[in-house]
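Worksheet: the structure to be examined is printed underneath.
Numbers restart at 1 for each chain; the letters A, B, ... are given by sequence-line order, proteins then strands. Below, all heavy atoms of this structure are taken into account, side chains as well, without hydrogens, waters or symmetry copies.
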2 protein chains.
Amino acid sequence: MSHEEKDYIQILRSQGYRVTPQRLIVLDAVCDIGGHAAIATVVARVKKLDPTIDLSTIYRALDVLGEVGLVVATEIGDEGKVYKIAGEATHHHLICQNCGTVLSISHDEVNPLFAHLQEKYGSFFLTSRSQSLRL
Amino acid sequence: MSHEEKDYIQILRSQGYRVTPQRLIVLDAVCDIGGHAAIATVVARVKKLDPTIDLSTIYRALDVLGEVGLVVATEIGDEGKVYKIAGEATHHHLICQNCGTVLSISHDEVNPLFAHLQEKYGSFFLTSRSQSLRL
DNA sequence: ATGGATGCAAAAGTTTTGCAAAGAA
DNA sequence: TTCTTTGCAAAACTTTTGCATCCAT
């Protein structure tokens, strides 16, 4: 697990949320998966760690973890929402339309386009916390 | 309506599908909307034209229209699937993350990036019939 | 006439919500 | 103790499917 224990406990508490085993397991699951994980993947991982955790609890935990900024939810293509640990370098996803494989690429690859679009379209272009460039 | 009557009747028939009033109304609806339309928008438009058309018929009509290539379904961000009349120039969508406004931009804007990515990542990059670059 | 398409109803899949009981602070 | 969170169950949505009837060809 790459997240510091103290940190996320702090973060949850400071935002008025309680630190529960369920939330930690969901956080662990998302973290263990490494990349971006569809809800089904998160659920599978969570259930493997603790089969008694309810589906609704997982959804609620992901909401809370997103609320406090520990997890980021992004909508990508056909996969629906995917979740990942926040704090990674800004990056993007290249998705094979045949097999669905997702390849992450550095923001550097895309930056020239970003710069161009931002200059040209200004307010339409997301500059901060951009998770995905949706074209 | 910008589609030629003869054309789409031909197209449906040639693929073994029948030309029904429901399918034409769904096609008209998508066409009238002009841009990309979420399912809810299509349904609203269809129902206005003919309230008796069933929801399942609309889904099935969109499937068929997609099958024969008259309509294109694209998955974009939070909006889920959006439908539009096929045959437009390849373009992309810029989506304001505040208000959700969608701005279409020419493929020319993005082409340099496409060329770069294609060269670098080869098979991961979709070259034909690309509806959206999903990063 | 005849095979595909429709409308209705029900099913299936996914996400959300109400609430009593359990648990973190 | 107090107030949040959980698990369960049910609800709310969205999309799909089965089937008798209807209709395009």
Side-chain angles (χ1 to χ4, degrees), chain A residues 5-6 8-30 37-68 70-71 73-83, chain B residues 5-6 8-30 37-68 70-71 73-83:
Chain A
E5 239 191 61
K6 246 183 178 171
Y8 61 76
I9 290 180
Q10 281 292 326
I11 290 170
L12 280 167
R13 292 234 176 93
S14 71
Q15 313 250 116
Y17 294 105
R18 291 186 177 177
V19 178
T20 68
Q22 291 88 344
R23 284 173 181 164
L24 298 189
I25 286 173
V26 172
L27 183 59
D28 278 3
V30 174
I39 182 67
T41 311
V42 176
V43 170
R45 191 63 145 249
V46 168
K47 291 287 192 183
K48 208 163 68 176
L49 297 174
D50 181 348
T52 71
I53 296 181
D54 192 74
L55 189 53
S56 66
T57 301
I58 299 175
Y59 276 106
R60 287 187 281 218
L62 287 170
D63 279 351
V64 168
L65 293 172
E67 200 69 45
V68 303
L70 283 168
V71 162
T74 311
E75 192 86 33
I76 56 174
D78 300 326
E79 308 202 25
K81 259 188 197 147
V82 296
Y83 301 88
Chain B
E5 238 190 62
K6 244 183 176 172
Y8 61 73
I9 290 180
Q10 282 291 326
I11 289 170
L12 280 166
R13 291 234 176 94
S14 71
Q15 312 249 116
Y17 294 105
R18 293 187 176 175
V19 179
T20 68
Q22 291 87 344
R23 283 172 182 164
L24 298 189
I25 285 173
V26 171
L27 183 58
D28 278 2
V30 174
I39 181 67
T41 310
V42 176
V43 171
R45 191 63 147 246
V46 168
K47 290 287 192 182
K48 207 162 68 174
L49 297 173
D50 180 348
T52 71
I53 296 181
D54 192 73
L55 190 53
S56 65
T57 301
I58 299 175
Y59 276 106
R60 288 187 280 219
L62 287 170
D63 280 351
V64 168
L65 294 171
E67 200 70 44
V68 302
L70 283 170
V71 162
T74 311
E75 191 86 33
I76 58 173
D78 300 326
E79 307 202 25
K81 258 188 199 146
V82 296
Y83 302 88

Q: Identify whether any heavy atom of B:Val19 sits under 4.0 Å from a base atom; if not, whether one sits that close to sugar-phosphate; answer base, sugar-phosphate or nothing.
A: sugar-phosphate
Q: Using atom CD of B:Gln15 as one end and atom P of C:dG3 as the other, report the distance to the nearest whole Å.
A: 21 Å
Q: Take atom CD1 of A:Ile53 and atom P of C:dA22, then tell me their distance rounded to the nearest Å.
A: 18 Å
Q | Interatomic distance, B:Ile58 CD1 vs C:dC8 P [rounded to whole Å] | A | 12 Å
Q: Check whether any side-chain N or O of B:Thr20 sits under 4.0 Å from OP1 or OP2 of C:dA5, and answer yes or no.
A: no
Q | B/S/- contact track for nucleotides 13-20 of chain C, protein heavy atom under 4.0 Å | A | --BBBB--
Q. Is any side-chain N or O of B:Arg23 closer than 4.0 Å to OP1 or OP2 of C:dA5?
A. yes
Q | Euclidean distance, A:Arg23 CZ relative to A:Tyr17 OH, rounded to 0.5 Å | A | 7.5 Å
Q.
From CZ of A:Arg18 over to P of D:dT2, roughly how many Å is that when rounded to an integer?
A. 13 Å
Q. What's the verdict on side-chain contact (heavy atoms from CB on, under 4.5 Å) for B:Val64 and B:Leu12, showing C-alpha distance, side-chain angles and the deciding distance?
A. CA-CA 8 Å; B:Val64 168; B:Leu12 280 166; 3.9 Å; yes
Q: Enter the distance from A:Leu24:CG to A:Leu49:CG here, rounded to the nearest 0.5 Å.
A: 11.5 Å
Q.
For the CG atom of B:Leu55 and the CD1 atom of B:Ile39, what is their distance to the nearest 0.5 Å?
A. 6.5 Å
Q. What's the OH-P distance between A:Tyr8 and C:dA24, to the nearest Å?
A. 14 Å
Q | Between D:dT6 (C1') and A:Ile25 (CD1): distance, integer Å | A | 12 Å
Q) Rounded to the nearest Å, what distance is computed from the OH atom of residue B:Tyr17 to the P atom of nucleotide C:dG3? A) 18 Å
(Q) Rounded to whole Å, how long is the line connecting atom CD of A:Glu67 with atom C1' of D:dT5? (A) 16 Å
Q: Show your working on side-chain contact (heavy atoms from CB on, under 4.5 Å) between B:Leu65 and B:Val30 and close with a plain yes or no.
A: CA-CA 10 Å; B:Leu65 294 171; B:Val30 174; 5.7 Å; no
(Q) Could you measure the distance from the CG atom of B:Leu70 to the CD1 atom of B:Ile11? Nearest 0.5 Å is fine. (A) 4.5 Å
Q) For D:dC23, does OP1 or OP2 lie under 4.0 Å from any side-chain N or O of B:Gln22? A) no
Q.
For the CD1 atom of A:Ile58 and the CG atom of A:Asp63, what is their distance to the nearest 0.5 Å?
A. 12.0 Å
